[in-house]
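For reference, the structure discussed in these notes is given below.
None of the values given here were measured: they were computed from a predicted structure. When a ligand or atom number is given, it counts from 1 through the structure's own listing order.
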Amino acid sequence: VGAGFAGLYMLHNAHGLGLRAEVIERGDGVGGTWYWNRYPGARCDVPSMEYSFGFDHQLEQEWEWTEKYATQAEILAYVEHVADRFDLRADITLSTTVEACRFDDSTGRWVVTASDGVTRVARFVVMATGCLSAANVPDIEGRDGFAGRTFHTGRWPHEGVDFSGRRVAVIGTGSSAVQSIPFIAAEADQVSVFQRTATWAVPAHNEPLDLAAVAEIKADYANWRQKARDSSSAFGGYYPRREVSALDADEAELAEQYDERWEVGGLSFLRAYNDLLLDERANATAAAYIRGKIAELVDDPETAALLSPDTIVGCKRLCVDTDYYATFNRPNVRLIDVSSDPIERIDAAGPVVGGMLHEVDDIVFATGFDAMTGALERIAIEGRRGRPLRDAWSAGPVTYLGLQVAGFPNLFTITGPGSPSVLTNMIASIEQHVEWITDAIVALDAGGFRTIEPADEAQDRWVGYVNEI
Ligand code: FAD
């Protein structure tokens, strides 16, 4: 279920095993995340040479990325290329939503019902539904009565949006907001950003790819991929983690190291020291540095203070930006703090905060996703003896390796909850899961087994391990 990176690679492997397989996809094209998220400024924050499939030597040698961080359009072109190159399209059914998957105890088969009215019966069901695919639009009173245009960053119109001459509200300050606000601000008359929680961002310093450097990586790609697989975040070939504690560095060393990483740009910032994500005192040194940068970049001290988070750097995925903080120096951009005084309601003319109406023509919901479990829980999944997945997960999601759930035989969740997923370069994590599922199917058939599912004890142990980490 799903025709993003995960669904496409799974289909390719199913073909390799000689299985009959079908991918069912809600959208009217392939690409998943990169099909849906067409907001201005949408791009990858893992370097493109690493955010790409490694399973096929010819593919990685022939494909040419143009920028250090690929745009949404370029990644979408890549996914389309993969679908064509590996002859996948004939087995993909588009514009169709899977509504229910029920395990039939008597036959050991899954019965899948979808919006096209066709019932499929399958031995295996692979949920390639995405961690960040179920768009989250907050249920603010009056939302549907707004007179202007509304957009969600994860459901962006294919033809693009013209904001010139418009007053725009952007609700949310996560990664999609950080990427899109500078573009919207450059076009619109006025932008009002509604911030509940300030977010940490480091500069991308995106640039065209240097062809000589690309050739060097391509000559040694297998080694790069292996290094990615061996690292905790599944990428980092450019700037690996330094195995040094921030707590052993004096102020001058810290400044020098953080300056260097800031100049390089991107998520490698968190690899400046090996304990930034393990020790709160170490993390505080990185926090102090970024707060200092925000104070330098933002002219108005009050706005700079509001933009400065008081949270752990990298606990919520760090944002990678291009001119985000400096955008607040523009005369047409205002920051509205809704941390203690939330948006009360949306009137026909705009959002109301603290009794004050903010009149706008358009609202952009940069409010992200019902992450990790959303896409799965929107499908009526029932395992053995009709047990709903929602029941099994009533106290939070439980899985084994993030790949399977006890009581749901032959159902797999690629990058499911409890796996590293969004904390990593997701393509590497997707490849690992797809290959695991492929191996599991081979092992089942070789051993003459019909189904595979985790034992309750194994699942409990895994959940305990994840919680401990
Ligand atoms: P998706 O690409 O989400 O595909 C899932 C598909 O399943 C969707 O097309 C959806 O329509 C379909 N689907 C879901 N439910 C159903 C249903 N019931 N019936 C039919 N179809 C269904 N990751 C990184 O590693 N680096 C990045 O820089 C990065 N940037 C990102 C930027 C944005 C804006 C977003 C939203 C995510 C980003 N990610 C990034 C995470 C990204 O989601 C993954 O990298 C990857 O694209 C996920 O692929 P996938 O196939 O698992 O899921």
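- Arg317 and Asp45 are joined by a salt bridge, as a carboxylate oxygen and a charged side-chain nitrogen come within less than 4.0 angstrom of each other.
- Considering only non-hydrogen atoms, atom 14 (C) of ligand 1 lies nearest to Thr129 out of Val30, Thr129, Thr96.
- The protein heavy atom nearest to atom 32 (C) of ligand 1 is Trp34 CH2, 3.7 Å.
- Considering backbone and side-chain atoms alike, Asp45 places an N or O below 3.5 Å from some N or O of ligand 1.
- Nearest protein neighbour of atom 8 (C) of ligand 1, counting heavy atoms only, is Glu25 OE1, 3.5 Å.
- Both the backbone and the side chain of Val46 come within contact range of ligand 1, each with a heavy atom under 4.0 Å.
- Under 4.0 Å from ligand 1, the heavy atoms of Ile24 that appear belong solely to its backbone.
- Within the 4.0 Å heavy-atom criterion, neither part of Tyr35 lies near ligand 1.
- Shortest contact from atom 43 (O) of ligand 1 to any protein heavy atom: Thr33 OG1, 2.7 Å.
- Taking the six-membered ring where the residue is Trp, Tyr51 and Phe5 present perpendicular rings, their angle passing 60° and hence far from 30°.
- Of all protein heavy atoms, the one lying nearest to atom 48 (C) of ligand 1 is Ile430 CD1, 4.0 Å.
- Numbered from 1 in the order shown, with element, the atoms of ligand 1 that lie under 4.0 Å from a heavy atom of Asn37 read 34 (C), 36 (C).
- Proximity of Ala134 to ligand 1, defined as any heavy-atom pair under 4.0 Å, is not found for any part of the residue.
- Using cut-offs of 30° and 60° for the angle between ring planes, the Phe53 and Tyr78 rings count as tilted.
- When heavy-atom distances to ligand 1 are checked against a 4.0 Å cut-off, Thr424 comes that close only through its backbone atoms N, CA, C and O.
- With Tyr273 as the aromatic partner, Arg242 meets the cation-pi criteria of under 6.0 angstrom to the ring centre and within 45 degrees of the ring axis.
- Between Pro40 and Trp156 there is a side-chain heavy-atom pair separated by less than 4.5 Å.
- Two residues are said to be in side-chain contact when any heavy atoms from C-beta on lie closer than 4.5 Å; Phe412 and His433 fail this criterion.
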